[in-house]
Amino acid sequence: MTVKTRFAPSPTGKLHVGNARMALVNWLYARQQGGVFMLRLDDTDVARSSEAFADGIRQDLNWLGLTWDKTARQSDRFGRYKDIFEQLKASGRLYPCYETAEELDLKRKVQLSQGKPPLYDRAALKLTDSDRTRLAAEGIAPHWRFQLLAEDTGWTDMNRGDVKFHGSNLSDPILFRAGSEPVYMLASVVDDMDFAITHVIRGEDHVANTAIQIQLCEALGGIPPVYCHLPLLRGAHGEELSKRLGSLSLESLWDEGIEAMAINSLLARLGSSDPIEPYLTLREATAGFDISKFGRATAKFDRVELEHLNARILHDLPYTAVSEKIQALGLAVSETFWQAVQPNLTKLSDLQEWLDVCGDTLQPIITDPDFIRQALALLPPAPWDNTTWGAWTKALGSKTERKGKALFMPLRQALTGKDHGPDMGVLLPLIGYDRVVKRLAV
RNA sequence: GUCCCCAUCGUCUAGAGGCCUAGGACACCUCCCUUUCACGGAGGCGACCGGGGUUCGAAUCCCCGUGGGGACGCCA
């Protein structure tokens, strides 16, 4: 049987690293199993969904390289859900409810204040035909709940092992609102069946939903897929990811010049017992991927760790792999320049720092004016090449009887304004004769 | 409040009663390499949440605490 997974975001916001992880894990599992990966846009909530967010999601996935073999959107399938509505109604498991959202909210608050779980009390089940006729006459369009069986519903989860929930601990879910508009719970189950999804890999926030979805799937005559619920990601200090959307949205990581493969590398292994390694391609990340290695504890996503990985990946990338991205960031960098500064970059956007060093506005650090004056006097004339620095410092060394750090550090600071950076031999010609003279003029 | 789940170095984790003076990876520190930084090489620091049991023996099993995560929506 061909494995088929899906990533099913709702286009109501931007993707963050938590979403990206679920997309990636589904993609990796499908690819590794020789299966199919599907992108499904869960946009049953028409009011909150937007085309702009849908585009953003597709862009983000493309950036990460998570290509999909099939795509669908739920708003195109309302006709199908309408058929299911009739089918479920005929089965007797669907019942109309007339409470307003406010009434339900109040009920929950009362239950909670009494220390009881906020479960739906099934009051609508006690309605008589004449009650319903009266309510309908008042013009109230009912919402429809699915009557859960009061029994254990269980499954063998790929991550959590045997899991079960008792129906009495769950509320009868609303499947259709305002007449017959489908909601997520219904559409998701129908789509998983219709598109023959074999493995549903998602966050553990869906664990309790799974019992409901299995009951629903079986009521529709389907066979539930295999489920895998991975723990959610938290921020480096245990904070909720969505609260940090500012810095952990894929969009902002792109803006910072973080490599897609750094994100993929981290996300493909974080929370598993396999070591996190810098992968240059998704193929490499797929090779050692083992979904059974994922644990059950909440893992923390640390930006610092991401940047370390990013640096390691950046140090291995040829100019051709980054030139387009550099342009997209609005920077102009030659291959020579790239090779010179590459080992000193953590993020692509760090290029600016070295561009400034080779620009006109740099503020030199002069620690020893007399020495700098001597250096200027011995500066070789242009044209320069990669041997100029060596010749210059050799001459300067014998003249001033300085060597080692005492010899080159004052020069590095005067010429770059920093005490670390690329090899001065290659950097010197990139700064250029005129700027060097200017920086050494004290 | 109720129902699930989890609890080992800073982080991700290995560990399924003796193989554990608890292993690895990343981070960190030191040294070597290097006319800086980085890379690379060699070392080092560093953890079983607490309390009770069970057992000859517990990181490992049980109970109770405590802590953390998730769920309980006409969102997904």
Side-chain angles (χ1 to χ4, degrees), chain A residues 8-13 42-45 47-49 74 97 99-101 104-105 108 111-120 141-145 157 159-161 163-166 168-171 173-179 181 183-185 187-188 202-211 229 231-234 236 238 240 266 269-278 293-302 304-305 308-309 311-312 315-316 341-346 389-390 393-394 397 402-409 411-413 416 418-425 427:
Chain A
S10 61
T12 56
D42 282 11
D43 56 352
T44 50
D45 188 343
R48 291 203 306 154
S49 298
Q74 296 188 323
C97 304
E99 295 93 341
T100 63
L104 292 171
D105 197 43
R108 274 190 292 271
Q111 287 169 313
L112 243 17
S113 72
Q114 291 173 172
K116 286 191 247 176
L119 298 176
Y120 179 59
H143 54 275
W144 298 78
R145 287 188 192 258
D157 196 287
N159 183 253
R160 325 185 116 209
V163 184
K164 65 177 181 188
F165 282 87
H166 195 88
S168 59
N169 290 323
L170 304 165
S171 276
I174 292 171
L175 258 31
F176 299 92
R177 65 189 151 206
E181 287 176 24
V183 302
Y184 156 81
M185 192 69 78
S188 184
R202 47 167 34 164
E204 69 176 356
D205 50 332
H206 284 288
V207 182
N209 284 341
T210 302
H229 293 91
L232 268 10
L233 251 32
R234 305 283 291 188
E240 201 179 326
L266 180 54
R269 299 292 185 272
L270 180 62
S272 85
S273 56
D274 284 322
I276 293 163
E277 293 174 311
K293 295 280 185 69
F294 282 82
R296 292 213 238 174
T298 310
K300 297 185 181 77
F301 181 94
D302 192 346
V304 176
E305 194 168 9
H308 281 296
L309 256 184
R312 291 172 68 186
H315 298 338
D316 285 337
V341 305
Q342 176 179 28
N344 290 275
L345 302 176
T346 296
W389 169 261
T393 51
K394 190 179 176 194
R402 290 194 189 209
K403 58 182 179 180
K405 210 165 181 171
L407 171 64
F408 64 81
M409 188 52 86
L411 286 176
R412 173 178 285 281
Q413 290 175 328
T416 70
K418 306 171 193 304
D419 54 13
H420 62 90
D423 181 14
M424 286 305 294
L427 200 54

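First the proteins, then the strands, lettered A, B, ... as listed; each starts at 1.
With rounding to the nearest 0.5 Å, the separation of CZ in R48(A) from OG in S10(A) is 6.5 Å. F294(A) contributes atom CZ, which lies 9.0 Å from atom CG of N159(A) (distance to the nearest 0.5 angstrom).
Contacts of R296(A) with the nucleic acid, taken as non-hydrogen atoms under 4.0 Å apart, involve only primed sugar atoms and P, OP1 or OP2. Counting non-hydrogen atoms under 4.0 angstrom, H315(A) reaches the backbone sugars and phosphates but no base. Residue contacts for H308(A): at a heavy-atom cut-off of 4.0 Å it reaches the sugar-phosphate backbone alone, with no base atom in range. Counting any heavy atom pair closer than 4.0 Å across all strands shown, D105(A) reaches no nucleic acid atom. Using a 4.0 Å heavy-atom criterion, one finds that R48(A) contacts the bases of the nucleic acid, with or without backbone contacts as well. Residue L112(A) is in base contact, counting any heavy-atom pair closer than 4.0 Å across all strands shown. Within 4.0 Å (heavy atoms only), P231(A) reaches no atom of the nucleic acid at all. Here D274(A) lies out of heavy-atom contact (under 4.0 Å) with every strand. R312(A) comes within contact range of the sugar-phosphate backbone alone, with a heavy-atom separation under 4.0 Å but no base atom that close. Within the nucleic acid shown, E99(A) comes within 4.0 Å of at least one base atom, counting heavy atoms only. Contacts of A297(A) with the nucleic acid, taken as non-hydrogen atoms under 4.0 Å apart, involve only primed sugar atoms and P, OP1 or OP2. In this structure, P275(A) reaches the sugar-phosphate backbone alone: every heavy-atom distance under 4.0 Å involves primed, P, OP1 or OP2 atoms, never a base. Within the 4.0 angstrom heavy-atom criterion, base atoms lie near L104(A). Base contact: T100(A) has a heavy atom under 4.0 Å from a base atom.
For the C1' atoms, the distance from C26(B) to A16(B) is 26 Å, rounded to whole Å. Separating the P atom of G24(B) from that of G43(B) is a span of 11 Å, rounded to the nearest Å. Of the P atoms belonging to A22(B) and G65(B), the separation is 32 Å, rounded to the nearest Å. Of the P atoms belonging to G67(B) and C74(B), the separation is 31 Å, rounded to the nearest Å. Spacing between G50(B) and U66(B) at atom C1', rounded to whole Å, works out to 7 Å. Taking the C1' atoms as reference points, G68(B) lies 16 Å from U11(B), given to the whole Å. For G17(B) and C12(B), the C1' atoms lie 26 Å apart once the distance is rounded to whole Å.
One finds a side-chain N or O of R234(A) lying less than 4.0 angstrom from the OP1 or OP2 phosphate oxygen of G70(B). Within the structure, a side-chain polar atom (N or O) of R108(A) is placed less than 4.0 Å from OP1 or OP2 of G73(B).
Of the candidates A76(B), U36(B), U13(B), A76(B) carries the atom nearest the Y184(A) side chain, counting heavy atoms from C-beta on. Comparing atom distances between the S171(A) side chain and each of C72(B), U11(B), U36(B) picks out C72(B) as nearest. Closest to the side chain of K300(A), from the set C37(B), C6(B), U11(B), is U11(B). Of the candidates C3(B), U13(B), U36(B), U13(B) carries the atom nearest the A299(A) side chain, counting heavy atoms from C-beta on. The side chain of T298(A) lies closest to G69(B), out of A76(B), C37(B), G69(B). For S10(A), whose side chain is taken as the heavy atoms from C-beta onward, the closest listed nucleotide among C37(B), C74(B), A76(B) is A76(B). In this structure, the nucleotide among C12(B), G70(B), C74(B) sitting nearest to the side chain of D205(A) is G70(B). The side chain of N169(A) approaches C3(B) more closely than any other nucleotide in the set C3(B), A14(B), A76(B). Checking C6(B), C3(B), C5(B) against every side-chain atom of R160(A), the shortest atom distance belongs to C5(B). Candidate nucleotides G70(B), A14(B), C37(B) were compared by shortest atom distance to the side chain of E204(A), and G70(B) ranks first.
Rounding to whole angstrom units, CG of residue L233(A) and C1' of G68(B) are separated by 15 Å. G70(B) atom C1' lies 13 Å from atom CZ of R202(A), rounded to whole Å. Regarding F408(A), its CZ atom lies at a distance of 12 Å from the P atom of U34(B), rounded to whole Å. The CE-P distance, from M409(A) to U36(B), rounds to 8 Å in whole Å. One interatomic measurement links the two molecules: CG of D423(A) to C1' of C39(B), which rounds to 13 Å at whole-angstrom precision. In this structure, NE2 of H143(A) is placed 11 Å from C1' of G73(B), rounded to the nearest angstrom. Regarding L232(A), its CG atom lies at a distance of 13 Å from the C1' atom of C6(B), rounded to whole Å. We find that NE2 of H229(A) is positioned 15 Å from P of G70(B), with the value rounded to whole Å.
Judged by distance alone, with hydrogens and angles left aside, the side-chain atoms of S272(A) form a donor-acceptor pair with the main-chain N or O of R269(A) at under 3.5 Å. Not a single donor-acceptor pair under 3.5 Å links the side chain of D205(A) to the backbone N or O of L232(A).
Under the 3.5 Å distance criterion, with hydrogens and angles disregarded, a donor-acceptor pair is assigned to the side chains of Q74(A) and D42(A).
Less than 6.0 angstrom separates the ring centroid of Y184(A) from the ring centroid of H206(A).
Each of P9(A) and A208(A) lies near RNA chain B, and the nucleotide nearest A208(A) is the one positioned closer to the 5' end. Comparing T393(A) and L119(A) by the nucleotide of RNA chain B that holds the closest heavy atom to each, the one mapping nearer the 5' end is T393(A).
Of the charged side-chain nitrogens involved, at least one lies within less than 4.0 Å of a carboxylate oxygen, so that R160(A) and E204(A) count as a salt-bridged pair.
Counting heavy atoms from C-beta on, the side chains of T210(A) and R202(A) come closer than 4.5 Å.
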